[in-house]
There are 2 protein chains.
Amino acid sequence: MLHWPRRFRASWGGNVDVRVETPDQPAIVPISRHTLHGELVERLRDMIIEGRLAPGSRINEGPLGTSLGVSRTPLREAIKFVASEGLIELVPGRGAVVKAMTPNDVREMLQVLTGLEVMAGRLACLAASAGQIAELRVLHNAMMAFYASRNRLEYYKCNQAIHTGIARLSGNAFLAAQHEAIQSRLKRIRFLGNEGPSKWAGAVAEHEDMIIALEARDKDRLAAVLTAHLERTWDRVCDTL
Amino acid sequence: MLHWPRRFRASWGGNVDVRVETPDQPAIVPISRHTLHGELVERLRDMIIEGRLAPGSRINEGPLGTSLGVSRTPLREAIKFVASEGLIELVPGRGAVVKAMTPNDVREMLQVLTGLEVMAGRLACLAASAGQIAELRVLHNAMMAFYASRNRLEYYKCNQAIHTGIARLSGNAFLAAQHEAIQSRLKRIRFLGNEGPSKWAGAVAEHEDMIIALEARDKDRLAAVLTAHLERTWDRVCDTL
DNA sequence: TTGGCGCATTCTGCATACAGGGCACTTGTC
DNA sequence: GACAAGTGCCCTGTATGCAGAATGCGCCAA
């Protein structure tokens, strides 16, 4: 009855990584087999983070589906997926509601994010290669350049990438994934939080300490800096809530 | 066109908490409005954790749906939900595959779990009330009784409840939720890990230290005990993988 | 004028239907 | 005998249909 193999190639785990070889281009980018499901999940996440779907508002499947050009079925599946991530709340008989985060939610999430990042930072001081740390320094310098030119959006992207990078340098992929998941949920709020030049300058100074501590592989110092940075992130953010 | 309110009562967030007041029963338990979706999610999780759906095997929607008495649509939505939790992997064009955890995955998850639990323990020492700690002691004593009577399943349930309890005592609901999510993913493996009397005895001794440190609100000691306990959990578990 | 009740609209939840694709088995050829 | 192409089954992915429930509006009565 069931005539497929019990196990599949390891390459099927996660994203497809089909690689085609040609004489001209030895390194081919993997074919991004964009599934409708994946596409919808990303679109939903973006719409929520960007505020196009207002916190607390209901998600009306019919109109949203037609406006995205898909039927309700894949949309509903994507909604369930995102709901499991915590950005959407499922209310029985009422459908999906964009989760409105209370200030306390944000505080709690920042606390956990701090814990994970400190853990990652400690591990990174032990495990990261010099090259990896150098890459982060490059990113940091780029960020400083964007700060100098007051390019807030690009600055912010670098900022996030640095935090994600520290999590990756821990060598613990699961830790990095958890960190990234929480960070993405706080994306919108943290972006809004850095408004005002004094706040921004403070964050930049903390980042400078961060990269220095990492380069020195001073894990206690890095932990202290990260803790302070994220505590002050809370301060920066909490009055905008 | 859209004629529902922008915001809903706060009580609609999360579970339904309708409370009916009667003279006899002042405290009424909330109506557990079991949705098919929620039911299916739990069933799927249980089937995976209990090993009824073998790691690495495909989930055949048709037969599984009929055996559960539901159509494919709600089942698929539940699969997507559980996939977002990490227990199931979605393979384009091939459906859902029960995620097979490598030993390294388990190690990484245990490392994160340790970090979260240590964080929670430190917070619990500061935030928990005496009554809450006393409740944990009751649970601990119950666990010791199950150990004495060699009731491994009930022992294990108490054990999990204690760890969950510490996470809850942190006062950080998000932290507790994250902790619980990871713990549930490791449920099966940790249960298998405590086989053999010597391993079991070791775990029990560590738990004794744990509750004592918590009662003394000695956060550094509790952190050390938790770290050691979970490191040894890895030792206990890793040769069964 | 205000509160309550009933009705109609619209949405959700679930089932079913259908198209496309993958996998295994079979058959033909070397 | 082995390998390759063909074929058919079954499964996934998506659309659609339908029943039940929730919501908003209007009407009626106090």
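The chains referred to below are lettered A, B, ... by the order of the sequence lines, with proteins before strands, and numbering in each begins at 1.
For B/Ser67 (side chain) and B/Leu64 (main-chain N/O), a donor-acceptor pair under 3.5 Å exists by modelled atom type. Using a distance-only test at 3.5 Å, with no hydrogens or angles considered, a donor-acceptor pair links the side chain of A/Tyr156 to the main chain of A/Lys187.
A straight line from CD1 of A/Ile88 to P of C/dT12 spans 12 Å, rounded to a whole angstrom. Atom CG in B/Asn60 sits about 12 Å away from atom P in D/dG13, given to the nearest Å. Across the protein-nucleic acid pair, A/Leu64 atom CG and C/dC11 atom P stand 12 Å apart, rounded to whole Å. Residue A/Arg76 contributes atom CZ, which lies 14 Å from atom P of D/dA15 at whole-angstrom precision. As a whole-Å value, the separation of B/Leu40 CG from C/dG13 C1' is 12 Å. As a whole-Å value, the separation of B/His37 NE2 from C/dT12 C1' is 14 Å. Going from atom CG of A/Leu75 over to atom C1' of D/dT14 covers 12 Å, rounded to whole Å. Remark: P of D/dC11 and CG of B/Leu90 are 18 Å apart, rounded to the nearest angstrom.
Applying the salt bridge (charged side-chain N to carboxylate O under 4.0 Å, His left out) rule to pairs touching residues 45-56 of chain A yields A/Arg45-A/Glu85, sequence neighbours excluded. For the salt bridge (charged side-chain N to carboxylate O under 4.0 Å, His left out) condition, the pairs that include at least one residue of residues 65-80 of chain B, sequence neighbours left out, are A/Arg76-B/Glu77, A/Glu77-B/Arg76, A/Glu77-B/Lys80, A/Lys80-B/Glu77, B/Glu61-B/Arg72, B/Glu61-B/Arg76. Residue pairs meeting the salt bridge (charged side-chain N to carboxylate O under 4.0 Å, His left out) criterion with at least one partner in residues 107-121 of chain A, sequence neighbours excluded, are absent. Pairs of residues two or more places apart, or lying in two chains, that qualify as side-chain hydrogen bond (donor to acceptor under 3.5 Å, both in side chains) and include a residue from residues 164-177 of chain B are A/Gln111-B/Asn172, B/Thr164-B/Gln183.
Of the side-chain N and O atoms in B/Arg58, none sit less than 4.0 angstrom from OP1 or OP2 of D/dC11. In this model, the phosphate group of D/dA21 is not approached by any side-chain N or O of A/Arg94 to a distance below 4.0 Å at OP1 or OP2.
As judged by a 4.0 angstrom heavy-atom cut-off over every strand, B/Glu77 is placed among residues making no nucleic acid contact.
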Check the interface with nucleotides 15-17 of chain C: list each N/O to N/O pair with the protein under 3.5 Å, or write none.
residue	atom	partner	partner atom	Å
C/dA15	OP2	B/Ser71	N	2.7
C/dA15	OP2	B/Ser71	OG	2.5
C/dA15	O5'	B/Ser71	OG	3.4
C/dA15	N7	B/Thr73	OG1	2.9
C/dT16	O4	B/Thr73	OG1	3.0

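Looking at residues two or more places apart in sequence or on another chain, you find a ring pair (Phe, Tyr, Trp, His ring centres under 6.0 Å) between A/His229 and A/His163, A/His207.
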